[in-house]
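Written below as structure tokens is the structure these notes are about.
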Amino acid sequence: GKGNYRHFMEKELHEHPAVLGDTLRQYLDPRTLEVNLPRLPFDPARVPRITMTACGSAFLAAQVGRYWIEQLARIPVDADVASELRYRDPPLAEGGAAILVSQSGETADTMAAMKLLREKQQSILSVVNVPESSMARESDATVLTVAGPEIGVASTKAFTAQLAVLACLAIGLGRARRELTTLDEGVLTKALLEVPHKAAEVLEQDAQIKALAAEVASARDVLFLGRGALFPIAMEGALKLKEISYIHAEGYAAGEMKHGPIALIDNQVPVIALCPSGPLYEKTLSNLQEASARGGRIMAFTDAAGAPGLARFAERVIVLPEVGVFAQPILYAIPVQLLAYHVAVLKGTDVDQPRNLAKSVTVE
Ligand code: F6R
């Protein structure tokens, strides 16, 4: 049941810390600070290329995974939605690997993409939440997310669990390819191990996020901006908002603003920025300043080090706990999902069963 929560989605949002802890505990050892993955169906040291595919939120998790794997393991990664990949007929060399991401393990397009990838002799690893699902059964190997059943149609805890698994996978691949030293691995796994309790701190900021939701609820359009591995998280914020509150939203790479979407900016369009401190902070900040100079209402999620720069022009700054740059996408997914939840509640939509949507899309 829902326990003391109003909706399954609210309950599931509050399960982020536990689910992240449970998932990370499976694949990394807090004592040695090392990643331990199940046996992979390909040799990471030799794999020439990885194709990642999924649908919806799972695809956004895959996109974060792509940033991580390319950065840490230096393996070229292609990521495409399954409904495109299956008809794209991509040239794939024998000996390549594919990573599928799915909560249900039953999504028709992802299953069809798996069939195509198999025909092209790719080894198939799936990141799945349902161990007895078709995808888990038919893959060469599976890394399970430990999110438990997800009832709300909009994915929440399964998404962050997918990120946690992909983060461990990226580290494991980086080590296998000798791109990471033991020291690097320790820094990265330490950052990940901090995520569950920092996730709990984010949830304690519920009242602030609710106040932000009150501003967003009256908007017709909302833009979410981020850079690097936070760009897919901006898209996740936009997807969740569209899905459950029916407000039109778009997630954009902050650097793309000036190539078109900045024309939308006026004082009616909230711009939700994911702008924590780190190597891309200054770049994102200057994109946001440009939007602000055109009347945009900037609402930023950042950390203590990032707050002063934003406070000069942003209408609202929500300060999240500090976490290693590598782990930021996992932590920043939580407030954007929570924001969508509160906006939907304010609008009175059916949060757990949004119109026209099904939990598991088993037809094309
Ligand atoms: C978004 C959402 C959907 C699913 C997508 C894939 O909140 O829930 O976009 O992520 O339908 O489903 P799975 O992960 O079951 O393959």
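Given the structure is predicted, the values throughout are model-derived calculations rather than measurements. Remember, it's 1-based here, ligands and their atoms both numbered in the order they're listed.
Salt-bridge check for Glu250 with Lys242: failed, with every basic side-chain N at 4.0 Å or more from each acidic carboxylate O. With respect to the salt-bridge test (charged N to carboxylate O, under 4.0 angstrom), the residues Lys115 and Glu119 qualify.
The aromatic rings of His14 and Tyr5 lie parallel to each other, their planes meeting at an angle below 30°, with 60° marking the opposite boundary.
Under a hydrophobic clustering in which Ile, Leu, Val, Met, Phe, Trp and Tyr are joined whenever their side-chain heavy atoms come within less than 4.5 Å, directly or via other members, Val101 and Met135 fall into different clusters.
At most 12 non-hydrogen atoms from other residues, nucleotides or ligands lie less than 6.0 angstrom from NZ of Lys190.
Checking side-chain atoms of Asp78 against main-chain N and O of Thr51 turns up no donor-acceptor pair under 3.5 Å.
Residue-level contacts of ligand 1 at the 4.0 Å heavy-atom threshold are Cys55, Gly56, Ser57, Ala58, Ser102, Gln103, Ser104, Thr107, Val153, Ala154, Ser155, Lys240, Glu243.
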